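Values in this document were obtained by computation on a predicted structure and should not be read as measured data. If you read the sequence from its start, that first residue is 1, and numbering goes on from there.
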Amino acid sequence: MRKANKIVMAAALLTGGLSLQAQETADSTALVLKADTIIYDAPLLTTKIHAAVRTYGDSIMLRWVPEDYASWKYLCDYGVNVLRVEKGSIDLDTLAMQLKPLSLDAFQAKYAPNDSNALVAMGLLYGENRLKRGQTMNRPGTLEASMEFNTEQDISFAFAMLVAEWRRDLAQDMAVGFMDRSVKAGAVYEYYVQPSQWENGGAFIFEPGVVENVENVPYVPEPYEPQMTDTLTTPRRHVLGWWDDRHSSYEIERRFLDDGNGDGPWERINTKPYVSMIEQPQGASYLAFADSVPQFGIYEYRIMAHDPFGELTAPSPALRINVYDTEPPRAPQLTRILLEYPGETLTEKVMAHFCWQKDTIEADVNGYIIYYNEQGEDGEWLPLNDDLISPTDTTTTIDVTGRKTCMVYIAAVDQSGNEAPSFAQLLELHDYQAPAAPDSLRAQVVPLTMNQLIGKGGRYSYVLLDWKPKPEDTDIRYYDVAFANDTTHVFLLRNEGGIRERMFLDSLVLDANQKYIYYQVRAVDHSNNIGPWSPWIEVKRPHITPPTEPHIDTSRHSDEEGMHMEWIVGMDADMDYHVAYRRRGDSTPWEVIGRYDADSLRACGYRIIIDDNPPFDREQRYYYYVESFNSSPYTAKSLAISWMHQGPKVVAVDFDLAGDYMEKEKQTRLVWSPGKLPIDAPYYYCIYRKGPGDDKFRFVVSVPSDQPEYTDQLLRQGQSAEYYVMIQWRDGRQSTASKVVKISRP
């Protein structure tokens, strides 16, 4: 069929009730349109019939779907016409006229009473249990009630199209599908689906379904390759996920591969086509299917999608999943540990007999492992036995010669490596070697406020001690801390019980006469071997006497050199350091401009010398003070000293001044450029003039900073005048004058 004939055919189909007759003309075959009914003149198309075909070589399946529930019900009531044109022919073949769904009686006669999909189709077409007026949750006539009707209709329409996808026979009997068997292999066709009766009342304006260039070749199932993921939720249960925005329902298959080398049969794990019931956001197309497997191992999954023609796609690529056993067995109970010394001495040979019990021995339990840890909470748990103990055993003997007292537990291990530990117990072994003295004993006095320092019956502070054991001492049970007020005194035990941590917080009496306090620490192992004391450390007691207040001794100021200050600070023996501060104005924060160690100031007579030349400020004063610190919770601040640091009143500026007499304008014109200014502040220009009869330069006018030019109309013919320019800043400063230019009027 030529292109012109195709256009005529499309026009006939869109206008509806037109019949076509072939009429031979002298030069060609033309299509003549005869109007059997009134042509529906519709300016817009508001609903569409979506059509698609599938070829099989000996037949062609045509499927169509209207856009909404109302369009579907209209087509069910009035039927559709199915038309076909073969390529190269001008004949319009009518395949079906007023094709409607089967009647209820015909449905019931054709399908078995237990055919659930057929029952769904009959219920959606002819069911009477639909929502009626007065039955909505919202008041009839309201927008909400209308939305309830609309929601029910959308759901009914969706399920109707879904069962038509699952079953080809239902698609034909519901009048949304047609099998064309009067076709030739290899031929090319065009199909048209249109309403049998065009609505003239304005309720519907249909665009028919059109499928062009349909070549009748055998069908090859389309591949299906969704992006698949897997998420484990609980042991033996996971969620299979995939993305798909083309299909609505699916079949999921699974097979067990045992250790991953098998190829077991595929098993359909959904009893009905899977449809996601989760409401997706607009545009989302993620599907999820939860599955529980009967046993641990390796599985493969594949998915097939239902297409609109009642067939399945090719299976997707298989997704392999290893379902690990994450459930540990029940834990055993370590009941007894007995030590045997078969040698001549207690250290020559030591054998440990372990006894345990386990109420239930699971089928996948491989055996037991005994773990030990010689270093407490920071240590690593290591296996004490080399080989796995049989799951049926309840006792074992292990050589522990040369080991130290440690913590032990027994764990049941299953075939997947899951372990279930018992409670840990202490394995006490005889040890005659005392631990070494701890290393790195340190002390830090805790800083407190005055209110914290005052306690019941006196004034107190605190010191935090910490230390490290020798790396080889892994069986330490506890530590002792001792103190003395002098290294020549006897050190007394400070702790009442053993210290299991490697730190100790001690209170310090501040009212004591001694300036220092001294500490030592030692370790005791699990065999009660007492180690030597560590070297003592000296801790300076804090006090509550504030330092001597600093004061200013010498000060001077100049705008060129800035501020020179000399502060005298206290000569206290326990003075730590001093800090100098500065701020500009009354509201800005104080900033540190110097920190001075107290010991270094002794060499210069306890004098702090500060030379400071901050940025100029003609509006705010600069303030300075010094603060002294010692080991008490108090500090001492000096009185503040302040200056106005305004800078020089006259600032050098290099002007570029030029001028000339403009004969045409009859005026003198000056222009200038100050270059880069050393001060960032508002300013304006001042013009000075020395004219005829003047004995000195006189101020003429001021000019804004963005207008570096001036015109003078005072010169008469034959007269001369001299000019110069300078800057006046609004904070009171001024610049040096520019060079003088002399201008004469001819």
Would you find a donor on one side and an acceptor on the other, under 3.5 Å apart, between the side chain of [X] and the backbone of [Y]?
{"X": "Arg618", "Y": "Asp731", "result": "yes"}
{"X": "Asp244", "Y": "His247", "result": "yes"}
{"X": "Asp694", "Y": "Lys696", "result": "no"}
{"X": "Ser673", "Y": "Asp656", "result": "no"}
{"X": "Thr711", "Y": "Arg669", "result": "no"}
{"X": "Ser642", "Y": "Tyr623", "result": "no"}
{"X": "Asp154", "Y": "Thr151", "result": "no"}

Report, as yes or no, whether the 6.0 Å neighbourhood of atom CZ on Arg246 holds more than 12 heavy atoms from other residues, nucleotides or ligands.
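No.
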Closest non-hydrogen atom pair, Trp533 against Asp480:
CZ3-O, 3.6 Å
Looking only at the side chains, is there a donor atom on one of His578 and Ser628 sitting less than 3.5 Å from an acceptor on the other?
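Judged by distance alone, the side chains do pair up.
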What I want to check is whether the side chains of Glu591 and Tyr581 have a donor and an acceptor closer together than 3.5 Å.
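No - no donor-acceptor pair under 3.5 Å links their side chains.
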Run the ring-ring contact (aromatic ring centres under 6.0 Å, His included) check on Phe697 and Phe699 step by step: do they pass?
CA-CA 7 Å; Phe697 282 89; Phe699 172 74; over 10 Å; no
Considering only heavy atoms from C-beta outward, does the side chain of Phe629 approach that of Thr635 to under 4.5 Å?
yes
